[in-house]
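What you are looking at is a predicted structure, and each value in this text was computed from that prediction instead of being measured.
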Amino acid sequence: MATPKYAPVKMPKSGVSINYSAKGKIPYVYHIGKGYRNAKGKPTSKKVLIGKFDHESGMLLPNDRYFEIYGEIPKIPNLEINSIRNFGNFFLLESILRDFKLDHILHNIFSEYSKKIMLMAIYTALEGNVLFYCDDWCEETYIGSDEPLTSQACSNILNVLTEEKRMEFFSAWAYAREQHEYLAYDVTSISSYSAGIDDLEYGYNRDGEKLPQINLGMYYGEDSMLPIFYCTYPGSINDKSHLRYMMRNNKRLNINKVKFVMDRGFFSKDNIEYMAQKAYPFMVAIPSHYKIAQTIIKKHGEEVKSSRHQIECTGIKALAIEDTSHYNFRSNIHLYYSAEKAVDEERKFLYNLAKREQAVKSGEDPKIKEKFFSLVENPDGSRDIQRDYKAIDQHLGRLGYFLIMTTDFRKTSSETLNIYRTKDVVEKCFDNLKNELDMKRLRVHSSETTDGKIFIAFLGLILRAHIYNILGSYIRENNLSVKKVLIELRKIKVVKTSTGFLMRNPLTKKQRDILAAFGKFEDDIDKRLAELSAL
């Protein structure tokens with residue numbers, strides 16, 4: 001493949017040497033200048049980099065210094081431009097799919113549709129879920145094919161992404177992941193105006209929208225930090241009820257050596273006893289209003305405040321308590337206390353209490369029965385608030401605590417807390433799905449198309465999650481976003497002449513740094529362009 005700036009030239013017959021890069025991949029060509037003795041008296045010579053050696057053609061791919069030494073710049077024949085297309089962001093996302101072997105997995109399951117499914121996933125990761133504009137994107141992007149992926153073709157593909165095929169994919173993808181990592185489990189909802197989606201029902205809407213919805217439960221790897229599996233279900237079913245149904249897929253997906261971490265919304269006697277019965281190690285937060293939480297806080301609340309239980313550099317104190325009396329299995333309950341959390345919760349509680357009292361006293365809220373105060377009607381018609389200080393003090397005494405139940409006895413309180421906190425990545429995952437991939441609203445009119453579109457979005461989510469995993473520190477340090485990173489890579493263009501000659505623009509330092517984080521370099525771009533042009 002030609003360099004983006006100059007046509008290949010013949011290798012000089014003498015006066016040059018070839019030195020390979022540190023990784024042994026790139027053959028750099030140097031011009032050997034006049035010899036001399038250095039400060040130590042050793043014979044040496046001045047070497048100037050003049051380009052790279054192309055093994056396939058036996059030619060030199062020159063740089064500017066070559067022409068300073070050897071003379072006139074040769075003209076590239078027939079530079080009539082056929083097209084200028086984006087390539088850098090497509091190159092990175094396609095490389096991620098190939099590195100994860102997702103191209104092989106998709107080909108094995110979807111055969112002739114696999115390449116188009118990959119294109120749709122890349123498009124969704126870059127542009128969102130409105131597939132109507134996919135053909136425009138194909139025309140603007142060098143994908144190695146002049147056949148655009150039309151919106152009609154996208155619709156046809158969505159209909160072949162059946163549940164059987166999707167489950168086959170999830171099984172292969174789950175097998176390819178880290179087998180012993182914790183899986184974070186959480187649920188989100190996606191709203192729609194459509195009337196043709198079977199699972200679309202009214203229920204608890206996490207976005208506060210007064211629309212019917214479908215619920216989407218997802219497994220997310222704690223170590224790999226990648227989405228592993230999702231399952232949709234009717235919007236009226238609450239999260240606790242669906243957990244057991246979700247876990248019934250584990251055997252079908254060969255998810256065996258797995259541990260789960262979940263927030264307090266999934267805590268119930270049925271759920272935790274089901275997981276214990278199935279021998280799934282788990283971590284789950286215990287809601288503070290449960291009897292088990294109140295019993296442990298009452299018994300060990302003062303003990304955990306001792307400095308001996310301090311988790312260093314966190315401001316949090318912790319105590320592990322083995323429990324066998326509340327449920328039909330043995331567990332470790334980690335009791336945590338944060339003085340900062342207690343102060344913050346007390347401030348919010350007293351503010352809201354005063355606000356509620358004022359609303360009741362003024363008659364703005366007719367509800368009189370309250371847990372922490374009562375309304376007193378005076379003979380003159382005025383109203384007074386009488387606080388129940390015993391109830392208030394009992395409530396304040398439970399602030400600052402939080403509890404995590406686990407059946408993993410090998411983890412310390414500090415390790416358990418760290419694992420539980422990293423489950424927040426699944427919340428970022430949902431944020432990406434609904435905002436960056438534009439899946440907050442379903443713009444489809446049938447259950448089959450809905451299922452296919454969510455599957456494509458799931459593939460796009462894998463791509464964006466991996467980019468953030470690799471570039472997280474770089475993104476935060478440079479005040480960037482995944483979107484801005486992909487826009488920067490989009491500036492890497494490919495020029496195609498009427499004779500089929502391909503050129504790309506030189507990479508900026510920022511572009512080289514981004515690609516290097518993924519182990520990709522300029523030679524990798526040139527190699528992939530050569531492969532695509534040969535298709």
Side-chain angles (χ1 to χ4, degrees), residues 182-187 206 220 222 239-240 243 259-269 271-273 275-276 281-327 329-353 371-372 391-428:
Y182 267 92
L183 289 185
Y185 172 63
D186 208 344
V187 171
R206 292 156 184 81
Y220 200 96
E222 289 277 280
D239 299 346
K240 291 179 183 179
L243 177 63
K259 297 166 280 191
F260 291 95
V261 55
M262 295 165 288
D263 67 24
R264 67 195 67 202
F266 299 99
F267 189 92
S268 73
K269 183 176 185 295
N271 282 343
I272 61 177
E273 289 188 346
M275 287 187 287
F282 66 86
M283 293 180 185
V284 59
I286 306 176
S288 59
H289 66 273
Y290 269 69
K291 182 179 178 181
I292 183 174
Q294 296 179 12
T295 300
I296 289 175
I297 291 172
K298 183 176 181 180
K299 187 174 181 180
H300 301 281
E302 290 303 313
E303 179 185 358
V304 74
K305 292 181 181 179
S306 169
S307 59
R308 74 178 66 213
H309 300 303
Q310 181 76 42
I311 299 177
E312 292 190 11
C313 305
T314 64
I316 295 173
K317 297 167 184 177
L319 181 65
I321 303 133
E322 184 174 330
D323 182 75
T324 56
S325 60
H326 288 86
Y327 300 103
F329 59 91
R330 175 172 167 259
S331 67
N332 237 3
I333 297 177
H334 297 273
L335 173 64
Y336 301 91
Y337 177 76
S338 166
E340 182 179 354
K341 184 174 184 289
V343 170
D344 186 52
E345 288 178 345
E346 180 174 344
R347 184 186 302 114
K348 289 179 181 178
F349 169 75
L350 293 176
Y351 172 80
N352 289 327
L353 178 63
K371 181 177 180 181
F372 299 109
I392 291 173
D393 288 343
Q394 286 177 345
H395 179 78
L396 294 178
R398 292 195 290 268
L399 300 183
Y401 297 97
F402 56 103
L403 301 92
I404 298 175
M405 173 185 285
T406 178
T407 53
D408 189 342
F409 284 83
R410 292 175 296 179
K411 294 290 187 288
T412 65
S413 295
S414 178
E415 291 169 334
T416 299
L417 181 61
N418 287 336
I419 292 171
Y420 182 78
R421 281 178 166 176
T422 55
K423 76 165 187 56
D424 290 341
V425 295
V426 77
E427 294 179 10
K428 182 170 183 61

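- Residues I292 and I333 are in side-chain contact: their nearest non-hydrogen atoms beyond the backbone lie under 4.5 Å apart.
- At least one donor-acceptor pair closer than 3.5 Å links the side chain of T412 to the backbone N or O of E415.
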Derivation and outcome, side-chain contact (heavy atoms from CB on, under 4.5 Å), residues M262 and M275 = CA-CA 12 Å; M262 295 165 288; M275 287 187 287; 3.2 Å; yes

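- A donor-acceptor contact shorter than 3.5 Å is absent between the side chain of S331 and the backbone of T407.
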Test log, rule side-chain contact (heavy atoms from CB on, under 4.5 Å), inputs H395 and K371 | CA-CA 10 Å; H395 179 78; K371 181 177 180 181; 5.5 Å; no

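- Nearest approach of A293 to P287, heavy atoms of both residues: CB-O, 3.5 Å.
- Taking both residues in full, the closest heavy atoms of R264 and Y420 are given as N-OH, 4.1 Å, listed atom of the first, atom of the second, then distance.
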Evaluate side-chain contact (heavy atoms from CB on, under 4.5 Å) for L417 paired with H334, printing each intermediate quantity in order.
-> CA-CA 9 Å; L417 181 61; H334 297 273; over 6 Å; no

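- Counting heavy atoms from C-beta outward, F372 and Q394 have side chains that stay 4.5 Å or more apart.
- From D263, atom CG reaches atom CD1 of I286 across 13.0 Å, with rounding to the nearest 0.5 Å.
- With respect to the salt-bridge test (charged N to carboxylate O, under 4.0 angstrom), the residues K341 and D344 do not qualify.
- The minimum heavy-atom distance between Y401 and K305, with the atom names listed, is OH-CE, 3.1 Å.
- The aromatic ring centres of F266 and F260 sit 6.0 Å or more apart.
- Although no hydrogens or angles enter the test, the distance criterion places no donor-acceptor pair under 3.5 Å between the side chain of Y327 and the main chain of A276.
- In this structure, I404 CD1 and T416 OG1 are separated by 6.5 Å, a value rounded to the nearest 0.5 Å.
- In this structure, Y337 and A342 approach most closely via the heavy-atom pair OH-CB, 3.7 Å.
- Between the CG atom in N418 and the NZ atom in K411 there is a gap of 11.0 Å [rounded to 0.5 Å].
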Just do the side-chain contact (heavy atoms from CB on, under 4.5 Å) check on L399 and L396 with the steps written out, would you?
-> CA-CA 5 Å; L399 300 183; L396 294 178; 3.6 Å; yes

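- You'll find the side chain of I392 reaches within 4.5 Å of the side chain of L353, heavy atoms only.
- Atoms NE2 and NE2, from H300 and H309 in turn, are 10.0 Å apart once rounded to the nearest 0.5 Å.
- Contact annotation: the side chain of Y182 approaches that of D408 to within less than 4.5 Å [non-hydrogen atoms, C-beta and beyond].
- A donor-acceptor pair under 3.5 Å is absent between the side-chain atoms of Y336 and the main chain of I316, judged by distance alone.
- Taking 4.5 Å as the limit, some side-chain heavy atom of M283 sits within range of a side-chain heavy atom of I419.
- Heavy-atom contacts from other residues, nucleotides or ligands closer than 6.0 Å to CD of E322 number more than 12.
- When all heavy atoms are compared, the tightest approach of L183 to E222 is N-CG, 4.4 Å.
- How far CD1 of I311 is from NZ of K317: 11.5 Å, rounded to the nearest 0.5 Å.
- Side chains of I272 and F282 form a contact here, defined as non-hydrogen atoms less than 4.5 Å apart.
- Separating the CZ atom in F329 from the CE atom in M405 is a distance of 4.5 Å, to the nearest 0.5 Å.
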